[in-house]
**Q** 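Have a look at the structure that comes next, please.
Each chain gets a letter, A, B and so on, in the order the sequences are listed, and its residues count up from 1.
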2 protein chains.
Amino acid sequence: MINRLATRDPDFTRSLAALIADRATATDVAAPVAAIIARVRAEGDAALLDLTARFDRFPITLDQLAVTPAETAAALAAIPADQRDAIDLAARRIEAFHRAQLPRDFSYTDDQGVTLGLRWGALDAVGLYVPGGKASYPSSVLMNAIPARVAGVARIAMVVPTPDGIMNDLVLAAAHRAGITEIYRIGGAQAVAALAWGTASIAPVDRIVGPGNAYVAEAKRQVFGRVGIDSIAGPSEVLIIADADNDPHHIALDLIAQAEHAEDSQSILVTDSPALAEAVAAALASALQTLPRAAIAAASLAAHGAIIEVADRAEAIALANRIAPEHLQIMTADPEGDFAAIRHAGSAFLGRSAPTAIGDYAAGPNHVLPTAGTARFSSGLSVFDFLKRTTTTSLTPAALAAIGPAAVTLAEAEHLEGHGRSITARLA
Amino acid sequence: MINRLATRDPDFTRSLAALIADRATATDVAAPVAAIIARVRAEGDAALLDLTARFDRFPITLDQLAVTPAETAAALAAIPADQRDAIDLAARRIEAFHRAQLPRDFSYTDDQGVTLGLRWGALDAVGLYVPGGKASYPSSVLMNAIPARVAGVARIAMVVPTPDGIMNDLVLAAAHRAGITEIYRIGGAQAVAALAWGTASIAPVDRIVGPGNAYVAEAKRQVFGRVGIDSIAGPSEVLIIADADNDPHHIALDLIAQAEHAEDSQSILVTDSPALAEAVAAALASALQTLPRAAIAAASLAAHGAIIEVADRAEAIALANRIAPEHLQIMTADPEGDFAAIRHAGSAFLGRSAPTAIGDYAAGPNHVLPTAGTARFSSGLSVFDFLKRTTTTSLTPAALAAIGPAAVTLAEAEHLEGHGRSITARLA
């Protein structure tokens, strides 16, 4: 059902290493992706139409490439009111949290008379990749598009494939709510190539974000440098630190919510309570019985899930820092205090009433988060992904006279005489 | 000497495109780099010693791998006092500017009773690659290491190859001033592999920054994901917007300072004054006559340099935004006003007394900057490269009751029933 480990086990270090070993399955699609990108660069729209007919089994003409406002309006009308309201609540909360992230410019003149500044600016244009078919999630549209809007990106171009002609109304509704008016029904490496290089119908963008399959991920890697990209997300994961004072049924459901994503998802409970460990293990079985995606969740729990017993709080914290989980739930008597000792986590959910699922949809913080331990050095999607900085330097002649000679000394030491002369000439 | 263009030329668009075409020379070293990384992962220190003996022609033993405090002290003693002072002045100024960048955590409780926060944290360990031999620059050590220190990175491990046993005293002195105490005399792809994967002697890091040759750049690409990396810098460049009221000699020296870096550097002057264009072109020739690196600078100016005449200020601004230069100098009557219209530039130097060279060494802003138009979507090195964010979510039971149902609606719409149940169970 789920793996059981304890830090007191003699082979714990090895068991843990095996548990958190890379779960991502690498598919080498570099060559076919390179060929697709080259074709789109050479043939533009014609290649897009042809590849869409082939890969999505959906022949479209050039004037069907873009989703029309009428189609979006129809999608909006087609979804139930409670879904429309839920999208609106989520959008408002995501917007508020990302607005709070907006950084401030600064500028100061120091005692040498040098004025230095830093100015943030939005990217001009962003491409948003949205998967089609079964993995088409309106929540992802909100989580990717809203930070870009809040950052001030003027143009967001969304691509979403329509395999066999099927388009998800909720995805269109979420795009509408996020203010996206430019949507193309294309996907795969060809859509990434079109966003990066542009075609007659699709203007190029500056950065491409959003999840996708192995072809999309590889295409993003290959266009990186021409445009910016977000990080390539691995399988999703949660680590829950819980003390004895918890409802085991809640924790079982939290583990299952993560496990139902995919078989390579990972759900880990860390607890200093053997009784809770037992109770959660028992609760898992009953909770799975009525779950629609029980087969996926059970496979994930069996292969990658674990209940880990620790001796104390310190061991629990150390484990979380070692694993650097994408999602961290702290269900203890002092969640804020325990979080203060956490160094690495993508997003933390503090207390007994904060399941990860609330963050997946409606809390406000982003659900696009670093996986596979990359929270050690990277962060979830934010307004910072859609902003860039320009630093500014301005000097009075006196300021240049004050700090110029040091620069000249260093330039000469680096044998860059010309650098020094561009300063010295102004000191005359 | 230097290319001459004007926006009024009938073929200007094509000439400009040719001028700013990608100057980076791609060297495909993927296979040898992959082999080196695999060897270091498999053999650890033994591979490091062997590869260092081979590529750097410098056989070292395991206990010579790390530079000793005594060796650093000797390097410090060996350099002239004015160089020591210049390093100190530059370090203090870089430190002050990067300290001003440090972002603030935030936390708020909204009207639903949801408490949301964002906490910044430093990376645990960073690797700093410093090129050896002729391209060994103490200024780069300061520019890469100080932002990491200011961000709060506890461990900075520096690698610097010593080809034929030669170590640059200034580089060691700069490392000392930046507070780096862990230095290894290794380089190339093998050093990157050691930093990413660790060996018995070198603990792994979380992110690797710093410039390097094609092997180093490719190695960074290949270890990306395992660790974070900085962007791969292309050839350096400056764009100067200048009105008639400038000393042509100063501008010629600024163009030459950029051109002397390497033959693939790019120096562009944009001016609405035909007289200044003529005068700068004339000044270039005389300024080159006594320059030690005249051959490199002349080759760069001839191949990639340009003086571009524009009709007015608007055309100059549009050109800068089109090119998105790494360094931008604005030498006009209203540099701040003109900068307000600039959307894309790595670092801007405002006014007639702010040559790019002052920013290369001592102004304070970072000299590691986006090249080749990537300022459209990326930024110079900063404390943000050494920080990551964790978002926090905490809810009262009432808050979960308020926003939970919307999340459940979306979860069910996405066919993730388990997500919904983890919320619903808590609402009972």
Side-chain angles (χ1 to χ4, degrees), chain A residues 82-83 86 89 97 100 106 116 123 137 139 170 206-207 228 250 253-254 256-257 260 291-292 343 345 347-351 353-355 357-359 361-365 376-379 388-395 397 400 403 406-407 409-410 413-414 417-419 421-423 425-426, chain B residues 82-83 86 89 97 100 106 116 121 123 137 139 170 206-207 228 250 253-254 256-257 260 291-292 345 347-351 353-355 357-359 361-365 376-379 388-395 397 400 403 406-407 409-410 413-414 417-419 421-423 425-426:
Chain A
D82 67 331
Q83 292 184 358
L89 180 141
F97 183 73
F106 70 80
L116 301 175
L123 274 56
Y137 293 140
S139 59
L170 273 172
D206 298 310
R207 186 179 172 100
H250 293 175
L253 289 170
D254 294 342
I256 285 173
E260 76 172 343
L291 189 78
R343 290 201 316 282
S347 196
F349 296 83
L350 309 181
S353 298
I358 197 71
Y361 293 107
R376 283 184 295 113
F377 57 82
S378 59
S379 311
K388 63 223 169 55
R389 302 175 297 277
T390 302
T391 51
T392 56
T393 299
S394 140
L395 299 94
L400 190 62
I403 71 168
T409 297
L410 290 173
E414 292 186 354
E417 188 77 22
H419 282 62
R421 289 186 190 179
S422 74
I423 295 168
R426 287 173 163 94
Chain B
D82 66 331
Q83 292 185 358
L89 180 140
F97 183 73
F106 69 81
L116 300 176
L123 274 58
Y137 293 141
S139 59
L170 273 172
D206 298 309
R207 187 179 172 102
H250 293 175
L253 288 170
D254 294 341
I256 285 173
E260 76 172 343
L291 189 79
S347 196
F349 296 83
L350 309 181
S353 297
I358 197 73
Y361 293 108
R376 284 183 296 115
F377 57 82
S378 60
S379 311
K388 65 222 168 56
R389 301 175 299 277
T390 303
T391 50
T392 56
T393 298
S394 139
L395 300 94
L400 190 63
I403 71 168
T409 297
L410 290 173
E414 291 186 356
E417 187 78 24
H419 282 61
R421 290 186 189 179
S422 74
I423 295 168
R426 288 173 163 93

**Q** Taking Pro397(A), Pro355(A), Gly351(A) one by one, which has the highest count of heavy-atom pairs under 4.5 Å against chain B?
**A**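 Counting heavy-atom pairs under 4.5 Å, the top option is Pro355(A).
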**Q** Parallel, tilted or perpendicular, judged at 30° and 60°: which one describes the rings of Phe97(B) and Phe106(A)?
**A**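 It falls in the tilted class, 30° to 60°.
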**Q** Give me the one residue out of Arg426(B), Arg421(B), His419(B) that meets side chain to side chain donor-acceptor pair (under 3.5 Å) with Asp254(A).
**A**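 Only match with Asp254(A) under side chain to side chain donor-acceptor pair (under 3.5 Å): Arg426(B).
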**Q** Count the heavy-atom pairs under 4.5 Å between each of Ile423(B), Leu123(B), Leu410(B) and chain A, then report the option with the highest count.
**A**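 Ranked by contacts with chain A, first place is Leu410(B).
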**Q** Name the option with the most non-hydrogen atom pairs under 4.5 Å to chain B; the candidates are Ala86(A), Gly418(A), Ser353(A), Ala357(A).
**A**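 Top option by heavy-atom pairs under 4.5 Å: Ser353(A).
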**Q** In terms of heavy-atom pairs under 4.5 Å, which option from Leu400(B), Ile403(B), Ile256(B), Thr409(B) contacts chain A the most?
**A**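 Heavy-atom pair counts peak at Ile403(B).
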**Q** Please identify, among Ala406(B), Ser422(B), Gly359(B), Ala407(B), the residue contributing the most non-hydrogen atom pairs under 4.5 Å to chain A.
**A**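 Maximum pair count with chain A is reached by Ser422(B).
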**Q** What pairs with Ser139(B) under side chain to side chain donor-acceptor pair (under 3.5 Å), at least two apart in sequence or on another chain?
**A**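 For Ser139(B), the residues satisfying side chain to side chain donor-acceptor pair (under 3.5 Å) (neighbours in sequence not counted) are Glu414(A).
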**Q** Using a 4.5 angstrom heavy-atom cutoff, name the option from Leu395(B), Thr391(B), Leu350(B) with the most pairs to chain A.
**A**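 Among the listed options, the one with the most contacts to chain A is Thr391(B).
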**Q** Which atom names give the shortest non-hydrogen contact between Ala363(B) and Thr393(A), and what distance separates them?
**A**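 That closest heavy-atom pairing would be CB-CG2, 3.8 Å.
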**Q** Pick one of side chain, backbone, both or neither for Leu291(B), based on which atoms fall under 4.5 Å of a heavy atom in chain A.
**A**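 Both parts, heavy atoms under 4.5 Å.
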**Q** Tell me whether Thr390(A) contacts the main-chain N or O of Ala345(B) through its side chain, where contact means a donor paired with an acceptor under 3.5 Å.
**A**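 Yes; judged by distance alone, with no hydrogens or angles, the pair exists.
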**Q** With chain B, which of His250(A), Arg207(A), Arg343(A), Glu417(A) has the greatest number of heavy-atom pairs at distances under 4.5 Å?
**A**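 Answer, by heavy-atom pair count under 4.5 Å with chain B: His250(A).
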**Q** Report the option among Ser394(B), Gly121(B), Ala348(B), Ala413(B) that has the most heavy-atom pairs separated by less than 4.5 Å from atoms of chain A.
**A**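 Max contact count across the listed options: Ala348(B).
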**Q** Relative to chain A, which segment of Leu170(B) carries a heavy atom at a distance below 4.5 Å: side chain, backbone, both, or neither?
**A**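 Only the side chain of Leu170(B) comes within 4.5 Å of chain A.
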**Q** Against chain B, label Ser347(A) side chain, backbone, both or neither, depending on which of its atoms sit under 4.5 Å from a heavy atom there.
**A**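 For Ser347(A), backbone and side chain are both near chain B.
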**Q** Heavy-atom distances under 4.5 Å only: say whether Leu89(B) touches chain A with side chain, backbone, both or neither.
**A**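 Contact with chain A is through the side chain of Leu89(B) alone.
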